[in-house]
Amino acid sequence: MPLACLLGYGDLRLTSIAGGIRLDPERVCVIGVRSFENGEEMLLRRLGVRVFFMHELERRGLMAVMRDAFAIAGRGRTPYGISFDLDALDPRDAPGVCTPVVGGIRASELRDAFSRLGGDPALAGLEVVEYNPHHDRRGATARLAGDLVGALLAPPGLRLLQRGRVPSNDERYRIKGTRRRAA
């Protein structure tokens with residue numbers, strides 16, 4: 001499990017990369033898990049990594065889970081990163097993955113969550129993993145990955161325009177980071 005190495009557990013040749021810098025497990029979240037190997041689950045529980053299983057997403061809604069995850073990862077307004085595994089998506093939306101499993105996160109829900117929560121200046125890194133072009137149908141997964149990354153990285157004003165809405169005057173002031181003064 002690559003995440004274990006990033007948390008400092010595993011072969012020394014891997015855990016010593018980058019001078020042995022480790023992720024803080026209290027700021028790591030794993031979203032959309034459908035299954036785990038026993039060893040993976042035990043390690044993440046022991047370290048205090050927050051795991052959001054698919055049943056929790058279905059019960060609470062993706063947006064609520066994403067808000068919690070962003071708050072945990074971005075605690076203290078320190079930089080954070082996202083590793084986005086395309087396998088978490090439902091294969092009806094993203095067929096071009098290595099291990100497609102029915103019942104994943106729907107692309108429309110994730111796009112909406114990313115566009116509402118994205119544009120955070122504290123987001124310092126993003127990786128997209130598990131794309132398999134041999135399984136992709138007419139580039140659908142590749143296009144979707146690009147759309148999702150764009151939704152996550154776009155500044156607030158651009159996100160409003162992408163949703164077909166022109167920002168109001170109040171929103172324009174917030175986008176610029178200034179406050180509107182009373183006359």
* What are the two closest non-hydrogen atoms of Gly96 and Tyr131, and how far apart are they? -> O-CD1, 3.3 Å

* Structure fact -> Tightest non-hydrogen contact, residues Ala4 and Leu43, listed as CB-CD2, 3.6 Å

* Asked: Taking the side chain from Glu41 and the backbone from Asn38, do they hold a donor-acceptor pair closer than 3.5 Å?
  -> no

* Nearest 0.5 Å, what's the CG-OG1 distance between Leu148 and Thr141? -> 10.5 Å

* Following the transitive rule for hydrophobic clusters with a side-chain heavy-atom cut-off under 4.5 Å over Ile, Leu, Val, Met, Phe, Trp and Tyr, establish whether Leu126 and Leu86 coincide in one cluster. => yes

* Heavy-atom side-chain contact between Val149 and Phe114 under 4.5 Å -> no

* Could you state the interatomic distance from CG (Asp147) to OG (Ser108), rounded to the nearest 0.5 Å? -> 12.0 Å

* So, for Val102 and Arg34, which heavy atoms are closest and what is the spacing to 0.1 Å? -> O-NH1, 3.8 Å

* Asked: Checking side-chain contact (heavy atoms from CB on, under 4.5 Å) for the pair Arg111/Leu144: CA distance, chi angles, key distance, verdict?
  -> CA-CA 9 Å; Arg111 186 183 297 111; Leu144 176 59; 3.2 Å; yes

* Asked: So do the side chains of Phe84 and Leu152 get within less than 4.5 Å of each other, counting heavy atoms only?
  -> no

* To do: Considering only NZ, NE, NH1 and NH2 on the basic side and carboxylate oxygens on the acidic side, decide whether Arg50 and Asp68 come within less than 4.0 Å.
  => no

* Asked: Would Asp24 and Leu7 satisfy side-chain contact (heavy atoms from CB on, under 4.5 Å), going step by step from the backbone distance to the final call?
  -> CA-CA 7 Å; Asp24 177 355; Leu7 292 165; over 6 Å; no

* Above 12 or not: heavy atoms from other molecules or residues under 6.0 Å from CD of Glu127? -> yes

* Asked: Is there side-chain contact between Val97 and Leu89, with heavy atoms separated by less than 4.5 Å?
  -> no

* Asked: Between Ile105 and Asp93, which heavy-atom pair has the shortest distance, and what is it?
  -> O-OD2, 4.4 Å

* Asked: How far apart are the closest heavy atoms of Gly104 and Met54, and which atoms are they?
  -> C-CE, 3.8 Å

* Structure fact -> Heavy atoms of Arg106 and Asp90 approach each other most closely as CD-CB, 3.8 Å

* Do Leu47 and Tyr9 come close enough that some side-chain heavy atom pair is under 4.5 Å? -> yes

* Asked: Please walk me through it: do Tyr80 and Leu23 pass side-chain contact (heavy atoms from CB on, under 4.5 Å)?
  -> CA-CA 10 Å; Tyr80 65 93; Leu23 296 179; over 6 Å; no

* Structure fact -> Taken to the nearest 0.5 Å, the spacing of Ile31 CD1 from Ser83 OG works out to 11.0 Å

* Is the Lys NZ or Arg CZ of Arg60 less than 6.0 Å from the centre of Phe52's six-membered ring, within 45° of the axis? -> no

* May I ask you to say whether Asp112 pairs ionically with Arg116, meaning some side-chain N is under 4.0 Å from a carboxylate O? => yes

* Structure fact -> Taken to the nearest 0.5 Å, the spacing of Ser16 OG from Leu14 CG works out to 7.5 Å

* To do: Kindly determine whether Leu117 and Met63 satisfy side-chain contact (heavy atoms from CB on, under 4.5 Å), including the steps that lead there.
  => CA-CA 9 Å; Leu117 296 170; Met63 193 64 198; 3.5 Å; yes

